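In what follows, a structure is listed as structure tokens, so that the remarks can point back to it.
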Amino acid sequence: MTNINLPIDDVLGELMDTLSDHTNAILIAPPGSGKTTRVPLALLHASWLGDRRILMLEPRRLAAKSVAAYMARQLGEQAGETVGYRVKMDTRVSKRTRIEVVTEGVLTSMLQQDPSLDGVGAVLFDEFHERSLHADLGLALCLQAQQLFREEMRLLVMSATMDAEPVSQILNHAPVIRGEGRMYPVETVYYPGHGAERLEDRTVRAVKQALQDHDGDMLVFLPGAGEIRRAERKLRESGLSPGVRVAPLYGNLPQAAQEAAIAPAVSGQRKIVLSTSIAETSLTVEGVRVVIDSGLMRVPRFSPRTGMTRLETVPVSRASADQRRGRAGRTAPGVCYRLWTEQEDRRLPPRSTPEVLEADLAPLALELAAWGVGDPAELAWLDLPPVPAYRQARELLHLLGAIAETGAVTPHGRRMAALGMHPRLAHMVLRAEGLGLARIACDLAAMLGERDVAVRTGGRAKTDADLSSRLAMLQEARTWRGADLPDTLGGMEIDPAICRRVIAEADHALAALRTEGSGRGAFEAPREEDNETSAAEVSAVEMCGVLLGFAYPDRIGQQRSIGKFTLANGRGAEVSEGQQLAAEPYLVAAELDDQGTESKVYLGAGISLEQINRYFADIIREEQSVYWDREAQTVRTFTVRKIGAVLIQETPSQSPDPELMLQALLDGIRQGGHKLLPWTKGDRLLQSRMSFMHKYDPANWPDVSDESLLNHLEDWLAPHVYGMRNRSDLQKIQIGHILSELIPWEQRQELDRLVPLQLTVPSGSRITLDYSDPEQPVLAARLQELFGMKETPRIAGGRVPVTIHLLSPARRPVQVTQDLASFWEHAYFEVKKDLKGRYPKHYWPDNPLEAEATNRTKPRK
DNA sequence: CTCTCCCT
């Protein structure tokens, strides 16, 4: 076994030489090179290692265990002797162990316990091109450990093809060694869609084509479970020969179904596996000769603004596409159909975005706080954690009591970090402990940290989102003890493998809590019970919502209508119809997809108003709500108690803040306009006359137009409506009075002179001027009353001629003029002819300027 | 038209 030649053997010598001269190195070699299993064993003989151990990081538990087992076999041993492994809840190492294959989270926890990594001679980062958050963090922490305590410690970054230069830089210009891989050739066929053809149809077309043209099993990459279900249905509908078996493969599929998809096809059968990116690296499907790649993948994107994550469907990177293609060439030459064009291929991003740039950084921020670092820039990163997400993470940690105002980790934060869960869940468990509810909190934390215990049927039959029923089911599952769990339990379809795992995780967390928990500086939680095994656990399931609220206070939600909720963080959330949860007045949404205006709730639980008041009093804020009720035309004043955007209680306010009331009243007037104000005809006339003066002398006369008045309510109206509440109160004000007070007394006198209310005409009548159009003040008078008036009367100190509406004896408009002199001279004679015909009894002199004006038929003799 | 993957 040991002697089989692998491509990596060609560069092992160079690697050994490099690491005897340098502390850091980078090894780039494609899949199939053998680096993962050969390199640790080779380094075991390096003189610099002495009797120290080698740590090798693997991104997945399964890989860590199988790589350790493989290396052990090479030495003719079992895992746990010279070569061992550590993954969560499963450790196989002994005093003899020199190589420890560990998962990434384990390394972080080892570093937190002993930052100097005493006894470790080298740390190897395998599959580093995947750029997981943990690998990035692990490397940053190791680099600082090396710099501060362990100058001689070796760091080796191993990776498939990637840009080595940036890594070399942060590793103090580490040398780069390149090796060959060993893979069978895979032919690439570009197989784009027809126009707007749906992905599923394109996929089915490609599958049919490939079934015809090539032998062997087929692996089809699709972005998600939805596409896989639809493609599966269409494939079956398209009529497949009986020898062809279709198997879906994705993470949420029950363990048994996953194993069935991976297993080699029985002879005489052809297998088509429809898979998400899970088959890109995590799972290996045996016997694949044909790969069909949709070129899409679903990725999580965290939004610092909402504190939630949404899934986006994006084009794969070229690195991913090449990795997918490589799955066809593991055992023999193969072929890969790419469902896109060669032009599109050139535009693919070279590699996927590193997790640290798009993930929720709360776990990272807690690790750094526990490490003693507040600002990530103190460490060396390939990509610095982005500032907005990091800031949001620190705010959350502060809210949860994990870090102090200064940013330093608190005792509570240390306990959270030690639990090895997401900070939200760790906080929930610690608070629950204070209430005697640690056990169910651990159950909840385990469920939320793992895949769903309930089988998600997808499609039309929506999986119930209620976590409390899962919690009850889990209690029942525990009573099964060692026996095999059934597929249906507590009225729900379950994945027995995940259930067992969740129970193990929960028990593990509870044990960790109990051993670490006694004699610590605990979180200052309201302690309801001193005795932990209390009556509280009896009704534990009813506390589900409360516990979730500890973890997700920003996702406490209030029902707007059946199934629709508003969350404390301001976002909308939706529980699909038919579920009991949809009818709850309040809920806590633990898991949801931050999509559109209404995020779908996948997991959550109801919470009662009483529970909110009892357990979340510390985050309930009281404020005055004062607003204009448009229907009732009155100001409403309430005292409201809220958690973020969620309304907890609203009571009519006894002593409303008069300032807020005034603002609400003015808001109401702004919305409702002048019709809410008691304008009289006289007020309107005054307004017109003042507007008239403003037009000619804006520097000295205020703008009292409707629009301007509405825009400046605070200035002119506020002092007169202070303490008022509704429309009938407003009827008490006198607008004309208020307007006239806008100008000083002397100016008011001037107004009467400059913009007279009335003019006396030659007949002796006093005629009221019409100022409704401030551009053109109008004098409307019967023609006969004006005989003898030589010029157009002018106002505003002679600056503005009035517009004269000349009327017939019956007050019908006859002529409009601003030039009376000209009218007498020309138009009068035409008008006279006409009027004389219609009003023969009236007085129509030939010389109107000399004639006597009259308001009767003829002048009185 | 209910969700990608992984880990202390």
Side-chain angles (χ1 to χ4, degrees), chain A residues 57-64 86-91 102-113 127 130-138 198-200 221-230 249-253 275-283 296-302 309-314 316 320 352 355 358-360 363-364 366-367 370 416-423 425-426 445-446 449-452 454-465 501 505 508-509 512 573-579 591-596 598-603:
Chain A
L57 253 69
E58 284 297 321
R60 282 163 288 277
R61 295 180 191 128
L62 197 67
R86 289 176 197 266
V87 301
K88 188 176 185 181
M89 298 189 298
D90 188 3
T91 294
V102 304
T103 37
E104 293 167 340
V106 172
L107 175 76
T108 312
S109 130
M110 289 170 86
L111 279 157
Q112 294 284 16
Q113 277 166 37
E127 312 281 13
E130 291 186 13
R131 294 296 309 281
S132 74
L133 189 60
H134 268 114
D136 275 13
L137 173 64
R198 293 194 56 147
L199 177 63
E200 295 86 41
F221 284 104
L222 290 164
E227 289 85 350
I228 288 174
R229 273 195 305 273
R230 287 193 293 274
L249 178 60
Y250 51 89
N252 258 333
L253 210 60
S275 175
T276 60
S277 53
I278 195 171
E280 202 176 303
T281 50
S282 306
L283 298 178
L296 296 170
M297 61 178 174
R298 225 144 19 238
V299 292
R301 193 161 289 177
F302 179 75
T309 297
R310 73 168 156 273
L311 283 179
E312 283 178 10
T313 307
V314 299
V316 294
S320 271
S352 312
E355 197 183 355
E358 285 181 347
D360 172 9
L364 178 111
L366 182 57
E367 294 290 356
M416 283 166 62
L419 282 175
M421 301 170 180
H422 190 284
L425 300 177
E450 271 294 324
R451 289 209 302 268
D452 196 355
V455 172
R456 297 202 175 172
T457 39
R460 211 159 292 258
K462 322 266 185 191
T463 306
D464 196 286
R501 168 110 201 146
E505 293 234 22
H508 178 78
E574 186 177 4
V575 176
S576 61
E577 262 179 82
Q579 303 187 35
E591 226 179 281
L592 35 69
D593 189 1
D594 183 15
Q595 208 84 245
E598 222 76 70
S599 302
K600 289 191 181 73
V601 177
Y602 297 119
L603 290 174

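In this text the structure is predicted, and so the values were computed from the model without any measurement. Lettering follows sequence order; numbering is per chain, from 1.
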Please tell me which of the listed nucleotides, dT8(B), dC3(B), dC6(B), lies nearest to the side chain of R456(A)?
-> dC3(B)
Mind calculating the distance between CZ (R229(A)) and C1' (dC1(B)) to the nearest angstrom?
-> 9 Å
Of the nucleotides dC6(B), dT8(B), dC3(B), which has the atom closest to the I278(A) side chain?
-> dC6(B)
Tell me which nucleotide among dT4(B), dC6(B), dT8(B) gets nearest to the side chain of R60(A).
-> dC6(B)
Return the value, rounded to whole Å, for the distance between atom CZ of R301(A) and atom P of dC5(B).
-> 17 Å
Choosing from dT4(B), dC6(B), dT8(B), which nucleotide comes nearest the side chain of R451(A)?
-> dC6(B)
In terms of side-chain geometry, is the basic nitrogen of R310(A) or E312(A) positioned less than 4.0 Å from the acidic oxygen of its partner?
-> yes
Check every atom of dC6(B), dT8(B), dC1(B) against the side chain of R61(A) and return the nucleotide holding the closest atom.
-> dT8(B)
Whole Å only: how far is the CZ atom of R298(A) from the P atom of dC5(B)?
-> 10 Å
Of the candidates dT8(B), dC3(B), dC6(B), the side chain of S109(A) sits closest to dT8(B)
In whole angstrom, what separates L253(A)'s CG from dT4(B)'s P?
-> 12 Å
Touch check for E367(A), heavy atoms < 4.0 angstrom, all strands: base, sugar-phosphate only, or nothing?
-> base
Expressed in angstrom and rounded to an integer, what is the separation of E227(A) atom CD from dT4(B) atom P?
-> 7 Å
Below 4.0 angstrom from OP1 or OP2 of dC7(B), is there any side-chain N or O of T108(A)?
-> no
Is P59(A) touching bases, backbone alone, or none of the nucleic acid, heavy atoms closer than 4.0 Å?
-> sugar-phosphate
Test log, rule side chain to side chain contact (heavy atoms under 4.5 Å, CB included), inputs L57(A) and V102(A) = CA-CA 5 Å; L57(A) 253 69; V102(A) 304; 3.9 Å; yes
Quick one: the side chain of E591(A) and the base of dC3(B), do they pair up donor-acceptor inside 3.5 Å?
-> yes
Presence of T103(A) side-chain N/O under 4.0 Å of dC6(B) phosphate oxygens OP1/OP2 | no
Quick one: does L311(A)'s side chain get under 4.5 Å of P300(A)'s, heavy atoms only?
-> yes
Given E127(A), E130(A), E104(A), the one that forms side chain to side chain donor-acceptor pair (under 3.5 Å) with R60(A) | E130(A)
Nucleotide nearest H134(A) (side chain, heavy atoms from C-beta), chosen from dT8(B), dC3(B), dC5(B) | dT8(B)
Separation of atom CD in Q113(A) from atom P in dT8(B), rounded to whole Å = 14 Å
How is E450(A) classified with respect to the nucleic acid when contacts are heavy atoms under 4.0 Å: base, sugar-phosphate, or nothing?
-> nothing
Round to the nearest Å and state the distance from R310(A) atom CZ to dT4(B) atom P.
-> 16 Å
NA contact type, T281(A), heavy-atom cut-off 4.0 Å: base, sugar-phosphate, or nothing?
-> nothing
